[in-house]
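The block underneath contains the structure these notes are about, expressed in structure tokens.
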Amino acid sequence: MKLFVSEGNPHCVKVLVVLELTGVKCDVQLVNHEDKVVPFLNRPVLPVLLLPSGQHLFSPNAICQYLFEVGGKEASNSSSQFLEWEATELQPVLIQALHMVALQGKTHDAGLVLKGSLSWLEQCLSKRRTQFLTATVTVADIVLWAAFYPILADPDLGELQLVRDWFERVGLIPACVRASQKVLQGKGLESLKNFLKKQPTPHTQRKDSQPSTNAIETEDLDPAMTEEEIEATAQAWCKGLPDCPDAPQRQHPILPQEGKRNVLVTSALPYVNNVPHLGNIIGCVLSADVFARYGRLRGWNLLYVCGTDEYGTATENKAREEGLTPREICDKYHTVHSAIYKWFQIDFDYFGRTTTDRQTEISQNIFWRLHERGFLLEDTVEQLRCERCQRFLADRFVEGVCPHCRYPECQGHHGTDISGDWTPNAKHITHSWIRDGLKPRCITRDLQWGTPVPHPDYREKVFYVWFDAPIGYLSITANYTSQWEKWWKNPQQVELYNFMAKDNVPFHSVVFPCSLLGAQDNYTLVNHLIATEYLNYEDTKFSKSRGVGVFGDMAKDTGIVSDVWRFYLLYMRPEGQDSAFCWADMALKNNSELLNNLGNFINRAGMFVSKFFEGCVPEIVLREEDKCLIAQVCWELKQYIQLLDKVRIRDALKCILNISRHGNQYIQVNEPWKKIKGGDNDRQRAGTVTAVSVNMACLLSVLLEPYMPTVSVTIRAQLQAPACCGSAMLAADGCFLRSLSTGHRIGTVTIIPLFQKLGSEQIEALRKRFGGQQVWKNSPMHLIRKSQKNADFLSSHGQIRKKLTKEMV
């Protein structure tokens with residue numbers, strides 16, 4: 001084995017300590033930061049461990065774990081949890097803190113960034129009566145000590161006593177002393193500058209960021225600000241919009257650009273054999289759409305692609321049910337999906353499909369590259385087969401009592417460093433797959449409708465959908481632009497965000513990345529994996545056959561506009577746990593949050609300008625309470641940006657509602673409709689309140705665009721808002737600016753409210769309409785139809801025989 005390290009790279013400290021502690025025999029070679037040690041990676045990565053097999057480990061924590069295991073020391077569950085926390089929670093804020101201290105001299109700010117992580121570690125140590133993180137020194141102690149070393153080696157940083165004692169105790173281990181001296185040359189933070197300058201600039205983290213994965217309710221945060229901060233915010237607001245060009249129109253094809261943040265967004269490819277319900281829509285395409293719209297507002301160079309997943313057993317089955325060919329069923333439902341997403345205002349840059357020549361070409365290329373590098377093996381698997389149909393059966397075709405577990409109504413048998421913004425469920429699911437070791441996974445099926453396997457010995461087979469379906473992201477992009485590789489073979493320039501429901505996580509976090517890594521063709525891998533929990537319907541599950549729940553093609557027939565559907569689904573987005581769509585709650589949120597709060601404030605602000613000031617924004621003379629409000633709104637804006645940067649979509653929506661709530665309170669307290677009838681001072685006060693309010697409405701029109709695009713356009717048209725106001729206020733960390741200056745003429749503000757009330761009778765009728773017929777489930781007709789369905793696939797005696805078939809895995 002050979003270990004490659006470089007001076008000034010803090011990640012190299014931990015692997016050198018572990019190497020000495022374990023006594024594993026391994027050559028160590030000192031290289032430069034720019035040296036490419038791993039041939040199939042486009043960017044240099046260190047440290048790297050070259051294994052005897054010729055494979056490379058280039059995750060510092062993976063190298064440490066590997067050396068500990070080779071040295072006969074197995075990591076405990078507790079150690080593994082600390083390692084996961086270090087890689088996913090600590091490293092992002094630590095890199096930012098190192099940049100602040102070593103390159104910017106902002107020691108105080110670095111302490112604020114690390115405060116949450118250090119406090120969490122202090123709490124962990126307080127619960128233990130041991131000198132180390134566990135009873136003895138483990139890989140977790142070494143990894144965390146080395147991570148903190150560049151910061152805590154300075155005694156002025158890190159004031160928590162238990163953390164300081166633990167850090168100094170581990171630092172006395174001779175291997176730690178020698179490794180830190182070898183890598184940092186006794187120069188401390190000064191030695192890191194060359195390394196840090198060559199690293200991507202870290203994204204800003206919230207100063208109050210905590211390592212806990214629990215969501216922070218924005219209403220509970222205290223926007224405590226000093227008088228100086230309030231005054232500075234008010235002065236910035238008064239300056240108005242800077243001179244800036246209008247936001248450029250999207251020009252296709254969108255390609256990565258030097259010097260820009262290039263973001264590639266995908267949402268899980270919806271399966272073509274059915275109509276998506278509300279849970280499907282919020283789980284992938286709608287969530288991704290909000291983030292994509294937000295990214296464009298922020299000025300990112302962003303491409304959002306999706307499409308229908310069209311190959312596989314379910315498509316064959318659906319075609320047989322409807323008496324169509326698989327191609328005809330795909331054409332039919334691709335059109336259905338496209339129409340649904342268009343009605344929901346999902347703004348794809350390209351919505352494609354997987355049944356294309358490019359899909360075949362790219363899938364087969366990846367297959368051959370895996371085959372040539374020895375990552376595929378041949379094996380046999382046991383499958384269910386119907387002799388009457390002369391075909392192998394997927395689990396979904398086999399119903400009855402399971403012969404293994406005796407479960408009734410059974411279908412089948414019931415039984416990487418993570419960087420970037422991964423949702424907690426994505427981390428947990430991925431960890432559970434990796435923890436027990438990866439197992440071989442079948443990549444071929446005995447079907448006709450699929451991407452054909454190009455190997456001459458397997459001409460009769462097609463690729464298993466979970467091997468080639470994620471490749472659909474690549475082929476869909478390739479159908480969008482012939483320069484698709486600039487997105488998909490460009491990891492040094494492109495950030496990849498995957499959106500999905502939690503059941504899709506392992507295929508995007510383990511299976512697909514393994515295929516791309518194994519192909520060794522410099523593919524762009526997922527940086528941010530965003531997974532929702534499940535959205536249920538009232539107190540049950542969505543079911544098309546039983547008529548339970550709202551499906552995409554039904555929503556537009558309810559009389560409720562798509563923006564309201566978007567709002568409620570995003571308000572109830574199942575981010576941390578399963579949630580449920582509820583008609584009564586939808587009416588409550590619509591009537592209270594949209595009609596009485598948001599819509600009421602925006603309508604009043606616009607109407608005051610039209611009615612009292614002849615459609616022109618009046619003069620502004622700010623008082624202290626106005627400045628405090630402006631500062632409070634600016635704080636909510638910054639929260640909105642920080643939350644959406646972290647893809648906390650539901651929490652960011654509450655910032656919008658908080659702003660309008662502040663606005664309504666401001667209007668109620670100041671009563672401009674009364675003051676406009678008073679003397680000069682009162683009229684001037686009415687003008688200031690109106691002008692501040694209408695500028696808040698302008699900000700809200702910007703913040704609403706990712707969530708409720710039609711409402712956003714309506715408000716901006718009424719206010720005649722400048723085209724550049726969105727990009728100006730969402731730049732950098734965000735700043736509330738006076739977009740509508742004194743004398744600005746607004747458009748026509750109608751007396752028709754932005755939102756309509758949902759009445760109890762209307763909601764009750766919809767609830768009954770989509771409630772299904774529960775008694776039908778066990779009716780004789782249902783049993784007859786179910787028996788007929790099974791008869792299509794089972795032999796005349798209802799028996800299934802098992803056979804062996806060769807498979808490639």
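When all heavy atoms are compared, the tightest approach of Ser79 to Thr138 is OG-OG1, 3.3 Å. Looking at every heavy atom in both residues, Asn9 comes nearest to Val183 through O-CG1, 3.3 Å. Considering all non-hydrogen atoms of both residues, Leu255 and Thr481 come closest at CD2-OG1, 4.1 Å. Ala319 and Pro326 get closest at one heavy-atom pair: CB-N, 3.7 Å. The nearest pair of heavy atoms linking Ser6 to Cys12 is N-SG, 3.5 Å. Between Asp349 and Leu302, the closest heavy-atom pair is OD2-O, 3.7 Å.
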(request) List the steps, then state whether side-chain contact (heavy atoms from CB on, under 4.5 Å) holds for Asn273 with Tyr333. (result) CA-CA 7 Å; Asn273 74 312; Tyr333 281 96; over 6 Å; no
Between Lys260 and Gln493, does the side-chain contact (heavy atoms from CB on, under 4.5 Å) criterion hold? Intermediate values first, please. CA-CA 9 Å; Lys260 281 213 159 192; Gln493 277 192 318; over 6 Å; no
Test side-chain contact (heavy atoms from CB on, under 4.5 Å) applied to Ile429 and Ser509, step by step: CA-CA 9 Å; Ile429 293 168; Ser509 67; 5.7 Å; no
Val13/Val5 under side-chain contact (heavy atoms from CB on, under 4.5 Å): CA gap, chis, key distance, verdict:
CA-CA 9 Å; Val13 175; Val5 296; over 6 Å; no
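Remark: aromatic rings of Phe348 and Tyr304 are close, center separation under 6.0 Å. Two rings, from Tyr341 and His337, have their centers less than 6.0 Å apart.
In this structure a side-chain-to-backbone donor-acceptor pair under 3.5 Å is missing from Asn504 to Ala268. Using a distance-only test at 3.5 Å, with no hydrogens or angles considered, no donor-acceptor pair links the side chain of His56 to the main chain of Phe58. Using modelled atom types, one side-chain atom of Ser475 and one backbone atom of Gly472 make a donor-acceptor pair closer than 3.5 Å.
Here CG of Asp141 is found 4.0 Å from CG of Leu133. Values are rounded to the nearest 0.5 Å. To the nearest 0.5 Å, the span separating OG1 on Thr451 from CD1 on Ile471 amounts to 8.0 Å.
Shown here are the salt bridge (Lys or Arg N to Asp or Glu O under 4.0 Å) partners of Arg373, two or more places apart in sequence or in another chain: there are none. Under the ring-ring contact (aromatic ring centres under 6.0 Å, His included) criterion, Tyr480 pairs with His252, Tyr350, not counting sequence neighbours. Residues that satisfy the side chain to side chain contact (heavy atoms under 4.5 Å, CB included) test with Asn280, not counting sequence neighbours, are Pro276, His277. Applying the ring-ring contact (aromatic ring centres under 6.0 Å, His included) test to His11 and every residue at least two apart in sequence or in another chain returns nothing. A search for ring-ring contact (aromatic ring centres under 6.0 Å, His included) contacts involving Phe82 returns nothing, not counting sequence neighbours.
Asn490 and Thr524 share no side-chain donor-acceptor pair at under 3.5 Å. In this structure, a donor-acceptor pair under 3.5 Å is absent between the side chains of Gln359 and Asp357. Checking Ser59 against Asn61 by side-chain atom types alone, no donor-acceptor pair falls below 3.5 Å. Side-chain contact annotation: Thr315 with Tyr271, donor-acceptor N/O pair under 3.5 Å present. Under 3.5 Å, the side chains of Gln448 and Glu316 contain no donor-acceptor pair of N or O atoms.
The pair Lys646-Asp421 meets the salt-bridge criterion, since a charged nitrogen lies less than 4.0 angstrom from a carboxylate oxygen. A salt bridge does not link Glu372 to Arg369: none of the charged side-chain nitrogens sits closer than 4.0 Å to a carboxylate oxygen. In summary, Glu20 and Lys182 do not engage in a salt bridge, as defined by a charged side-chain N under 4.0 Å from a carboxylate O.
Using cut-offs of 30° and 60° for the angle between ring planes, the His508 and Tyr473 rings count as tilted. Aromatic ring pairs are classed by plane angle as parallel below 30°, tilted from 30° to 60° and perpendicular above 60°; the pair Phe367 and Phe463 is tilted. The aromatic rings of Phe499 and Phe291 sit tilted, their planes meeting at an angle between 30° and 60°.
Looking only at side-chain heavy atoms (C-beta outward), Leu496 and Leu525 stay at 4.5 Å or farther from each other. The closest side-chain heavy-atom distance from Leu3 to Val15 is below 4.5 Å. Within the 4.5 Å cutoff, side-chain heavy atoms of Ser515 are placed close to those of Phe467. The shortest distance between side-chain heavy atoms of Tyr458 and Glu378 falls below 4.5 Å. Side-chain atoms of Trp449 and Arg327, non-hydrogen and from C-beta on, do get closer than 4.5 Å to each other. Side-chain contact between Pro44 and Asp35: absent, with no pair of heavy atoms (C-beta onward) separated by less than 4.5 Å. A heavy-atom distance below 4.5 Å is found between the side chains of Val263 and Arg261. Within the 4.5 Å cutoff, the side chain of Gln257 has heavy atoms near those of the Asn262 side chain.
Within the structure, every pair that satisfies the salt bridge (charged side-chain N to carboxylate O under 4.0 Å, His left out) test and touches residues 499-520, not counting sequence neighbours, is listed here: Lys502-Glu533, Lys502-Asp578.
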